[in-house]
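Structure first, commentary second.
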Amino acid sequence: MDTVMELLYRATRTDNPLEAHGPDSAYAREHAIRREIIRSLLESMTMEQKVKFDEYGLADNRAREILNLESFCQAFHLGAQLTAELLQS
């Protein structure tokens, strides 16, 4: 049986999010739709627009990474607090 820390570590270490969900999952379908929309959008853009779109993508990724880290920290603190309360009871 895996420990909670091992499960959390593996959940954050997947290089391909589709591996965690499988090819027929809702995530995989939405990912394919998103990829197709972005492909068609890029085809209609000028080079300057593509550069701006790439800059937007990088900024969006950084913002998501910050939010993901904050969510993980909050969940970790909640789990630690729950564990401490269970041990005290």
Side-chain angles (χ1 to χ4, degrees):
M1 167 151 272
D2 294 330
T3 65
V4 172
M5 290 304 292
E6 290 169 335
L7 291 171
L8 288 173
Y9 176 77
R10 267 202 316 280
T12 60
R13 295 302 304 163
T14 180
D15 294 330
N16 183 358
L18 293 176
E19 288 177 6
H21 293 282
D24 295 330
S25 68
Y27 177 83
R29 287 190 301 276
E30 291 300 321
H31 183 71
I33 291 168
R34 181 178 182 273
R35 188 175 50 232
E36 181 59 29
I37 290 170
I38 289 175
R39 186 194 60 75
S40 66
L41 179 65
L42 287 173
E43 287 176 353
S44 67
M45 296 172 112
T46 65
M47 188 54 72
E48 183 180 336
Q49 290 171 327
K50 289 179 182 180
V51 169
K52 290 290 185 188
F53 185 74
D54 287 342
E55 290 172 0
Y56 164 78
L58 291 173
D60 185 57
N61 285 340
R62 286 192 299 268
R64 288 175 191 264
E65 287 173 1
I66 291 168
L67 289 175
N68 288 340
L69 178 60
E70 289 175 355
S71 295
F72 174 81
C73 290
Q74 289 175 353
F76 185 84
H77 285 243
L78 178 64
Q81 183 178 353
L82 178 62
T83 302
E85 289 177 9
L86 287 172
L87 291 173
Q88 290 174 355
S89 298

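Keep in mind that the numbers below use all heavy atoms, side chains included, and drop hydrogens, waters and symmetry copies.
The shortest non-hydrogen separation linking T46 to Q49 is N-OE1, 2.8 Å.
At most 12 heavy atoms of other shown residues, nucleotides or ligands fall within 6.0 angstrom of atom CD in E48.
Judged as a salt bridge (charged side-chain N to carboxylate O under 4.0 Å, His left out), and not counting sequence neighbours, the contacts of R39 are E36, E43. Residues forming a side-chain contact (heavy atoms from CB on, under 4.5 Å) with L42 (at least two apart in sequence, or on another chain): I38, M45, K50, F53.
The distance from atom CG of L41 to atom CD1 of I37, rounded to the nearest 0.5 Å, is 9.0 Å. Separation of atoms OG (S71) and CD1 (I66) is listed at 12.0 Å; rounding is to 0.5 Å.
Side chain of D60 to backbone of Y56: no donor-acceptor contact under 3.5 angstrom is found.
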- Message: Test side-chain contact (heavy atoms from CB on, under 4.5 Å) on E55 and K52; report intermediate values, then the result.
- Response: CA-CA 5 Å; E55 290 172 0; K52 290 290 185 188; 3.7 Å; yes
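Using a 3.5 Å distance cut-off with no hydrogens or angles, the side chains of E85 and Q81 do pair a donor with an acceptor.
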